[in-house]
Participant: 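Attaching a single structure in structure tokens format; questions to follow.
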Amino acid sequence: MNVAGANVLITGGGAGIGRYLVERLISDGAHVCVLELNAATCAEVLDQFGSNVRSEQCDVTDPAAIDVALQKIADAGFEPDVLINNAGIIHSEPLVNMLSRGD
């Protein structure tokens, strides 16, 4: 896929898979914006990638925070072409629990 020149919004782009995606997309010529919960991580992303990335602190579990972050991004002229929903929480439990029946 050719992403050169595309505006890519990545949730949870500050660490792990998200951070790798930021690096890769920037190297492929994309314009990247990261939504990240941790303010210090936002600063690290900006320090590492400079003007190649935009970073906004945002709790993506809070709809009001998402609205604020998206408005800031839009006001800065960043209109996403691609969204990568990378932020999340892993719960270690079975998909189906046969012993717990809802009545």
Side-chain angles (χ1 to χ4, degrees):
M1 175 193 311
N2 183 4
V3 295
N7 289 335
V8 181
L9 178 62
I10 303 177
T11 64
I17 294 171
R19 185 75 159 253
Y20 171 79
L21 290 172
V22 170
E23 292 174 11
R24 181 61 192 255
L25 289 164
I26 288 172
S27 71
D28 288 347
H31 308 283
V32 177
C33 181
V34 172
L35 296 184
E36 181 59 46
L37 179 61
N38 186 305
T41 304
C42 287
E44 289 174 14
V45 168
L46 293 175
D47 287 343
Q48 181 176 354
F49 301 108
S51 63
N52 293 318
V53 68
R54 177 175 181 82
S55 183
E56 291 290 336
Q57 182 181 9
C58 180
D59 178 354
V60 296
T61 66
D62 178 359
I66 294 170
D67 289 342
V68 169
L70 291 178
Q71 188 60 56
K72 285 181 184 178
I73 293 166
D75 290 347
F78 189 92
E79 294 185 25
D81 300 307
V82 178
L83 170 63
I84 300 175
N85 284 314
N86 177 65
I89 298 172
I90 297 173
H91 293 280
S92 181
E93 57 187 79
L95 179 60
V96 177
N97 185 342
M98 299 301 281
L99 300 176
S100 174
R101 299 179 118 179
D103 293 325

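One is the number of the first residue; the rest follow in order along the sequence. Computed from a prediction, not measured in an experiment: that's the story for all the values here.
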Participant: So do the side chains of Arg54 and Ile73 get within less than 4.5 Å of each other, counting heavy atoms only?
Facilitator: yes
Participant: So, for Phe49 and Glu23, which heavy atoms are closest and what is the spacing to 0.1 Å?
Facilitator: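 Closest pair (atom of Phe49, atom of Glu23, distance): CZ-CG, 3.3 Å.
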Participant: Is it true that atom CD1 of Ile17 has more than 12 heavy atoms of other residues, nucleotides or ligands lying nearer than 6.0 Å?
Facilitator: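 Check fails, neighbour count at 12 or below.
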Participant: Quick check: is Leu21 connected to Val45 through a chain of hydrophobic side chains (ILVMFWY, heavy atoms under 4.5 Å apart)?
Facilitator: yes
Participant: Do Val82 and Leu9 share a hydrophobic cluster (ILVMFWY, side-chain heavy atoms under 4.5 Å, transitive)?
Facilitator: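 No; tracing contacts between hydrophobic side chains, which count when under 4.5 Å, never links both residues.
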Participant: Membership question, hydrophobic clusters at under 4.5 Å side-chain separation (ILVMFWY): are Leu46 and Ile26 in the same one?
Facilitator: yes
Participant: For Leu35, is there any backbone N or O sitting under 3.5 Å from a side-chain donor or acceptor partner on Thr11?
Facilitator: no
Participant: Is the backbone of Gly12 close enough, under 3.5 Å, to the side chain of Asn86 for a donor and an acceptor to pair up by distance?
Facilitator: yes
Participant: So does Gly14 get a backbone contact from the side chain of Arg19, meaning a donor-acceptor N/O pair under 3.5 Å?
Facilitator: yes
Participant: Hey, any chance Ile10 and Val53 share a hydrophobic cluster, counting ILVMFWY side chains that come within less than 4.5 Å of each other, even indirectly?
Facilitator: yes
Participant: Which atom pair, heavy atoms only, marks the closest approach of Asp59 to Ile66?
Facilitator: O-CG1, 4.2 Å
Participant: NE2 of His31 to OG of Ser51: how many Å apart, nearest 0.5 Å?
Facilitator: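 Nearest 0.5 Å value for the NE2-OG distance: 10.5 Å.
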Participant: Donor-acceptor pair, distance only, cut-off 3.5 Å: does the side chain of Asp81 make one with the backbone of Ala6?
Facilitator: no
Participant: Looking at Gln57 and Asn38, would you say the former's side chain and the latter's main chain have a donor-acceptor pair under 3.5 Å?
Facilitator: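 Not confirmed, Gln57 side chain does not pair with Asn38 backbone.
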Participant: If hydrophobic clusters are built by linking Ile, Leu, Val, Met, Phe, Trp and Tyr wherever their side-chain heavy atoms come under 4.5 Å apart, do Phe78 and Leu83 end up in the same one?
Facilitator: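 Same hydrophobic cluster.
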Participant: What's the separation between atom CD in Glu36 and atom SG in Cys58, rounded to the nearest 0.5 Å?
Facilitator: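 Atom-to-atom, Glu36:CD and Cys58:SG are 10.0 Å apart.
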Participant: Using side chain to side chain donor-acceptor pair (under 3.5 Å), reason through Asp75 and Gln71 one step at a time and then give a plain yes or no.
Facilitator: CA-CA 6 Å; Asp75 290 347; Gln71 188 60 56; 2.7 Å; yes
